[in-house]
Amino acid sequence: METVERQRYRTAYDSITRLCGQALPGNELFARLSGRLRKAVAFRTAGWLRLDPMTLLPMPGLLLQADHDRVSRIIHNEYFEPDVVKFRELARAQVPAQSLWLATGGQLHQSTRYRTILADLGNGDDLRMVFRCGSTVWGSACLARTAADPPFSRRDVAFLARVCAPVARGLRLSHLLAGDQQADPSPPGVLIVGDDDTIISLSQTARHWLAELPPDHARGLDVPAAILSAASQARALAAGRPGAGIPEGRIRTSAGRWLRLHATRLTPDGPHGTGQTAIILEPAKPADLSPLILDLHGLTNRERQITQLLLRGLPTADIAQILFISRHTLGDHMKAIFDKLGVSSRPELTALLLDQVLTTT
């Protein structure tokens, strides 16, 4: 017979999965998600954050029940202080959720974050999770209990790890389809494209952005080739074709403004519905343009690749292994990167891009 606890987990999981299929704006998704999670796992406060999938840098839309000073200290701890249960470590971990209690064997004061930030708030156990689809991370969360509460159980951690994938899909949908229009005065535009690459419908904003794009001179194209390519990638991804990447990219308007474009496959209406793909055009944010910033500093392809891995927080030994180069060669590349960007350490490199993102939140 199913236990009450398992039934509570199952009911909450089904409810969260349905919620994450509604393409809600990120902040609204987080607000509703918090209420549904509480029905299965108790917590006092929660913090929610969308992350740039490429760099794992924060994006606009931070929801955290703390003042500006504490938010800054939490961010500083994440990027610059040695500690346990860091978001960037969870992004690479087999299980995308972990509690501070379990990670420290019940010795919470072993954590710098707990000693310097959480204990002063009267917090007890702290659980972190990353919302990941495959290897792509779209957001993260931290759930906190008071010092008087029992710590999160292993079953709690297992349940929260299980919901990470559907929440990641929900964040991806919200980023692609709904967007968070309050974060930018220029809202995203949405086009719906059929499998024959004809435009079925489009928003007024999408019509505006299309008019701003340089014309494609290939015969027979009603929309730029970059948009059609993204739609094709989305179809390939939905069909499970090997090598299909995330269907997104950047495109420049005739006025020189950078836009970010995304594509996602829509669910047909009924078993005989025709295939459709949503294309979203929106102003590029600083995290979207970080590869372009690196280009402006004259980084080579290898140096850009190494920089992205450094921003993800990978140890140098892991980076050398991934790229099949020696640690000595990696050190030479890192020195060249630091010289070109005018920094002297990994923390300064992270801060160079992180600073630009934080000024937009």
Side-chain angles (χ1 to χ4, degrees), residues 17-29 32 50 53 59-61 133 136 138 166-241 244-255 257-285 288:
T17 300
R18 289 192 297 271
L19 173 71
C20 293
Q22 297 178 19
L24 299 172
N27 286 0
E28 183 178 350
L29 174 62
R32 294 194 189 185
R50 292 183 302 151
M59 298 174 65
C133 271
T136 304
W138 292 93
V167 174
R169 290 192 290 270
L171 286 173
R172 179 174 181 270
L173 276 176
S174 72
H175 189 63
L176 298 180
L177 289 176
D180 286 317
Q181 298 186 10
Q182 294 179 354
D184 192 304
S186 301
V190 181
L191 301 83
I192 306 299
V193 178
D195 282 350
D196 59 356
D197 288 333
T198 59
I199 296 177
I200 297 174
S201 63
L202 72 166
S203 67
Q204 283 298 115
T205 307
R207 193 184 304 276
H208 165 75
W209 290 130
L210 283 179
E212 292 287 314
L213 296 178
D216 266 318
H217 299 292
R219 180 175 296 178
L221 290 184
D222 295 324
V223 295
I227 292 178
L228 299 182
S229 176
S232 179
Q233 274 191 295
R235 289 193 286 267
L237 185 66
R241 294 179 183 172
I246 297 175
E248 62 182 12
R250 295 176 298 271
I251 190 169
R252 198 172 189 179
T253 68
S254 298
R257 185 174 187 180
W258 285 98
L259 303 178
R260 187 175 183 181
L261 65 87
H262 328 260
T264 188
R265 196 72 170 146
L266 301 180
T267 303
D269 294 329
H272 304 294
T274 58
Q276 297 180 1
T277 303
I279 310 292
I280 296 84
L281 291 168
E282 62 179 346
K285 299 178 178 65
D288 304 330

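Each residue takes its place number in the sequence, starting with 1. Since the model is a prediction, treat every value here as computed from it, not as a measurement.
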Atom CZ of R235 and atom OG1 of T264: how far apart are they, to the nearest 0.5 Å? 12.5 Å
To the nearest 0.5 Å, what is the distance between OG1 on T198 and CD1 on I192? 11.5 Å
Listed partners of T17 passing side-chain contact (heavy atoms from CB on, under 4.5 Å), at least two apart: Y13, P166
I280 to P188 - nearest heavy-atom pair and separation: CG2-CB, 3.8 Å
What's the separation between atom NE2 in H262 and atom CG in L281, rounded to the nearest 0.5 Å? 8.0 Å
Look up atom CD1 in I200 and atom CG in L266, then write down how far apart they are to the nearest 0.5 Å. 9.0 Å
A206 to L191 - nearest heavy-atom pair and separation: CB-CD1, 3.9 Å
Scanning both residues in full, the closest heavy-atom pair of G275 with R265 reads CA-NH2, 3.5 Å
Does some side-chain heavy atom of S203 sit less than 4.5 Å from a side-chain heavy atom of W209? no
Nearest heavy atoms of I279 and A263, plus distance in Å: CD1-CB, 3.5 Å
